[in-house]
Peer 1: 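Sharing a structure with you now.
Position 1 is the first residue of the sequence; numbering continues from there. In each ligand, atom 1 is the first atom listed, and ligand 1 is the first ligand listed.
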Amino acid sequence: MDRFIKIVSYVTLDAASGEGWSDLAATLVSGAGKIRAFYLAVGPDLFDDICARISEFGLVTPQTRVVIEKPIGKDLDSARKVNDAIARAFTEDQIFRIDHYLGKETVQNLMVLRFGNVLYEPLWNSAHIDHVQITVAESIGVGSRGDYYDTSGALRDMVQNHMLQLFCLVAMEPPESLDANSVRDEKLKVLKALKPVARDSAATVSVRGQYRAGATDNGAVPAYVDELQSERSDTETFVALKAEVANWRWAGVPFYLRTGKRLPERVSEIVIAFKPIPHSIFPTEAGTVHTNKLVMRLQPDEGVKQWIMIKDPGPGGMQLRHVPLDMSFADAFDNRHPEAYERLLLDVIRGDQTLFMRRDEVEAAWAWIDPILEAWNTARIAPTAYTAGTWGPSASVALIERDGRTWHEDTL
Ligand code: BG6
């Protein structure tokens with residue numbers, strides 16, 4: 001700790017005015033050739049001023065990077081403005097737009113599962129995959145972040161960034177290499193191929209919810225509006241969507257996404273649901289032949305489960321069982337794996353942008369989100385109340401069950 005403290009210095013400055021900036025410049029002078037990472041852990045309304053000052057005071061060297069956090073805008077137009085402001089001071093290869101989901105262990109493993117094995121890729125298309133589910137459930141409420149959250153809502157807070165990034169990694173074509181631009185080029189193609197949500201179909205393919213008071217494992221919890229200390233709010237704390245990718249690989253394969261706060265548990269997972277076998281040779285008494293599923297769990301208990309059919313061992317005739325080949329990372333590897341932010345900050349220092357969002361990706365994601373927001377607005381689709389501690393509004397169950405499918409539940 002002593003050694004660390006010795007290399008830390010602290011400079012106070014005013015983000016908006018020029019005050020304090022020459023002190024910062026003086027502090028940095030001796031390390032002109034060193035890597036410089038400006039991490040803007042501030043609200044986006046300060047990005048413009050800070051970048052302008054960094055540039056004005058000559059702090060941008062060839063070894064400099066800037067790291068920014070979401071929200072990058074609240075729609076396409078404002079995202080472009082934020083990106084323009086940053087681009088006035090930095091080149092695109094110096095800009096690291098963090099999406100901490102990309103730093104999660106299983107998310108990166110998704111690329112290895114897909115492209116480091118011969119097993120899955122031949123099946124990874126509409127001929128063999130029935131549908132995909134992406135769930136990011138949180139048991140926490142908005143807590144003290146209400147001021148920010150109420151201007152955002154689940155669609156902007158989670159779908160526009162984290163969930164669409166997961167979506168891209170599932171749906172993208174094999175990149176030529178792990179090189180940052182090769183990966184990001186492929187993700188961009190997915191975002192561009194997302195079928196726009198038409199205004200008149202928004203009510204069918206999207207569900208908005210907001211939690212009312214309820215209970216979780218830790219006891220009673222208040223409603224969203226009570227946490228906000230407000231009379232009412234039209235912000236969604238839950239969203240479910242049915243999305244489609246209009247290209248050869250994915251035509252006709254629905255992607256169901258859902259995320260929300262105050263759900264029964266914290267669980268993030270991606271489920272690849274394969275199609276049924278074309279013909280069963282087994283007698284009805286043998287039991288149901290369930291479909292294969294590949295479940296990648298991001299958190300907690302990171303791991304991968306491949307659900308398959310086997311014969312129930314024993315002499316009692318042919319009995320079928322649906323069981324997972326279960327790989328829990330905690331059981332299989334005893335080394336500690338870094339938190340997403342540790343890995344991403346190290347990548348900033350290394351100058352590796354593979355796990356960061358490029359400008360065009362962020363804007364393409366907004367281009368898909370904007371019409372949904374507009375449709376909600378014009379068609380006055382308000383959030384439906386759901387009780388805290390449940391899986392969201394019943395319309396979210398209807399969204400998938402209407403298609404003869406069901407949200408994955410991890411039971412034997
Ligand atoms: C943040 C959102 O980006 O991600 C929060 O703003 C959310 O609302 C958080 O709680 C979830 O991150 P994690 O890593 O806990 O799943």
Peer 1: Kindly confirm or rule out an N or O of H162 lying under 3.5 angstrom from an N or O of ligand 1.
Peer 2: yes
Peer 1: Going by the atom numbers of ligand 1, which of them fall below 4.0 Å from some non-hydrogen atom of K261?
Peer 2: 5 (C), 7 (C), 8 (O), 10 (O)
Peer 1: Salt bridge check: are E186 and K189 linked by an N-O gap of less than 4.0 Å?
Peer 2: yes
Peer 1: Do R350 and D347 meet the salt-bridge criterion of a basic N to acidic O distance under 4.0 Å?
Peer 2: yes
Peer 1: Determine, step by step, whether Y211 and F238 satisfy the ring pair (Phe, Tyr, Trp, His ring centres under 6.0 Å) criterion, reporting the C-alpha distance in whole Å, the side-chain angles of both residues, the deciding distance to 0.1 Å, and the verdict.
Peer 2: CA-CA 8 Å; Y211 59 86; F238 177 97; over 10 Å; no
Peer 1: Given R266, E339, R156, E138, identify the one with the heavy atom nearest to atom 15 (O) of ligand 1.
Peer 2: R266
Peer 1: Before accepting this row, confirm whether a basic side-chain N of the pair E236/K261 lies closer than 4.0 Å to the acidic partner's carboxylate O.
Peer 2: no
Peer 1: Counting C-beta onward and ignoring hydrogens, is there a side-chain heavy-atom pair between L294 and V304 closer than 4.5 Å?
Peer 2: yes
Peer 1: Under 4.0 Å from a heavy atom of D157: give me the atoms of ligand 1 that qualify, with their elements.
Peer 2: 2 (C), 5 (C), 6 (O), 8 (O)
Peer 1: Are E105 and Q299 linked by a side-chain donor-acceptor pair shorter than 3.5 Å?
Peer 2: no
Peer 1: Going by the closest heavy atom to atom 5 (C) of ligand 1, which one wins out of R145, Q299, K70, H100?
Peer 2: R145
Peer 1: Ligand 1 and Y148, any nitrogen or oxygen pair closer than 3.5 angstrom?
Peer 2: no
Peer 1: Starting from atom 16 (O) of ligand 1, find the nearest protein heavy-atom neighbour and note its residue, name and distance.
Peer 2: Y101 OH, 2.4 Å
Peer 1: Closer than 4.0 Å to some heavy atom of K104 - which atoms of ligand 1 meet that?
Peer 2: 13 (P), 14 (O), 16 (O)
